[in-house]
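Both ligands and their constituent atoms are indexed starting at 1 by order of listing. All residue numbers refer to positions in the sequence shown, counting from 1. Atom set for the values below is all heavy atoms of this structure, side chains included, hydrogens, waters and symmetry mates excluded.
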Amino acid sequence: MSEFRRQSLVAYGQPLRETIADRPAPRGTEVLIRVICCGVCHSDLHVQDGYFALGGDKRLDITKDRALPFTLGHEIAGVVEAAGESADGVVVGREVAVYPWIGCGACPPCRAGEENMCAAHHHLGIAADGGFASHVLVPHPRYLLDHAPLPATFAGPLMCSGLTAYSALKRLGDHAERGPVLLVGLGGVGMMGLALARALFR
Ligand SMILES: [Zn+2]
Ligand SMILES: [Zn+2]
């Protein structure tokens, strides 16, 4: 079994540390992706802290959602390295972006196709091991997206800051046709929103 290197969260509030494990062998519909790159999202820093600050001295504890050591990272692009016997349509060597918002598959939001809203989710890098690693295991090929001709370094962040900005802009509906659109804040999501707004609302 080959090496599987990860930058792991081993204790909340502490720097990540390299851990080495056996590389997982994909079974059933699973697909093993060799990671090319994985973006750093501000949510990674909150998970590393183990809480979200709620204002004042209030904190939302999120340390119960995962066992340590844990691999953060949900803006993943990589190459298909191996696939389970039931992972249909998977091409080894194909470059893909990995949709990380994976649900339980059984609850009402999942059955409605809104796995990102699942309360019992397996979101990669949040509740299931993510992309700050040499490899990541994806439960089904339907979470893999072709991103050509975009480079992997752009395709990975599209899975979080890209989708976040895009879904917010889509909520504007036809308001954007009638007047200016104001973006408040130009961090990672805001810059993505600016680029997408220019493309959507010409
Ligand atoms: Zn994110
Ligand atoms: Zn669900």
Side-chain angles (χ1 to χ4, degrees), residues 6-9 12-13 15-16 28-31 33 35-54 59-78 96-133 135-145 147 150-171 183-197:
R6 312 169 295 185
Q7 286 296 323
S8 297
L9 179 63
Y12 289 100
L16 305 183
T29 61
E30 292 175 340
V31 184
I33 302 297
V35 177
I36 295 174
C37 58
C38 183
V40 178
C41 175
H42 204 110
S43 300
D44 292 313
L45 305 183
H46 294 308
V47 177
Q48 184 187 19
D49 288 338
Y51 64 88
F52 281 94
L54 298 177
R59 290 178 170 189
L60 174 66
D61 183 357
I62 52 171
T63 60
K64 309 283 186 291
D65 299 346
R66 66 200 65 77
L68 303 184
F70 181 78
T71 311
L72 297 166
H74 53 265
E75 298 184 344
I76 308 163
V96 291
V98 180
Y99 181 84
W101 312 118
I102 296 167
C104 72
C107 70
C110 282
R111 288 204 304 273
E114 297 185 321
E115 295 185 48
N116 56 313
M117 306 293 282
C118 178
H121 63 79
H122 310 290
H123 294 173
L124 296 179
I126 307 292
D129 282 324
F132 295 167
H135 296 77
V136 64
L137 196 61
V138 180
H140 194 282
R142 70 173 177 270
Y143 302 111
L144 306 176
L145 294 99
H147 59 70
L150 301 176
T153 47
F154 186 52
L158 287 177
M159 297 297 101
C160 182
S161 66
L163 279 176
T164 302
Y166 181 73
S167 64
L169 291 170
K170 292 299 272 186
R171 283 173 205 273
L183 302 179
V184 180
L186 279 180
V189 176
M191 292 297 284
M192 197 69 87
L194 180 61
L196 290 168

Evaluate the side-chain proximity of Val31 to Val96: yes if any heavy-atom separation is below 4.5 Å, no if none is. no
Is the side chain of Thr71 donor-acceptor paired with the backbone N or O of Phe132 at a distance under 3.5 Å, no angle test? no
Whether His46 and Phe52 hold their rings parallel, tilted or perpendicular, with breakpoints at 30° and 60°: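 Ring orientation, 0 to 90° scale: tilted.
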How many angstroms lie between CE in Met192 and CG in Leu183, if you round to the nearest 0.5 Å?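 Here the rounded value is 13.0 Å.
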Nearest 10° is fine: what angle sits at the Zn ion (ligand 2) between SG from Cys107 and SG from Cys110?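 Cys107 SG and Cys110 SG form an angle of 110° at the Zn ion (ligand 2).
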Can you tell me the angle formed at the Zn ion (ligand 1) by SG of Cys160 and NE2 of His74, to 10°?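 My answer is 110°, to the nearest 10°.
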Hey, is the Zn ion (ligand 2) within less than 2.8 Å of some N/O/S atom on His121?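 Short answer: no, not a single N, O or S atom is under the cut-off.
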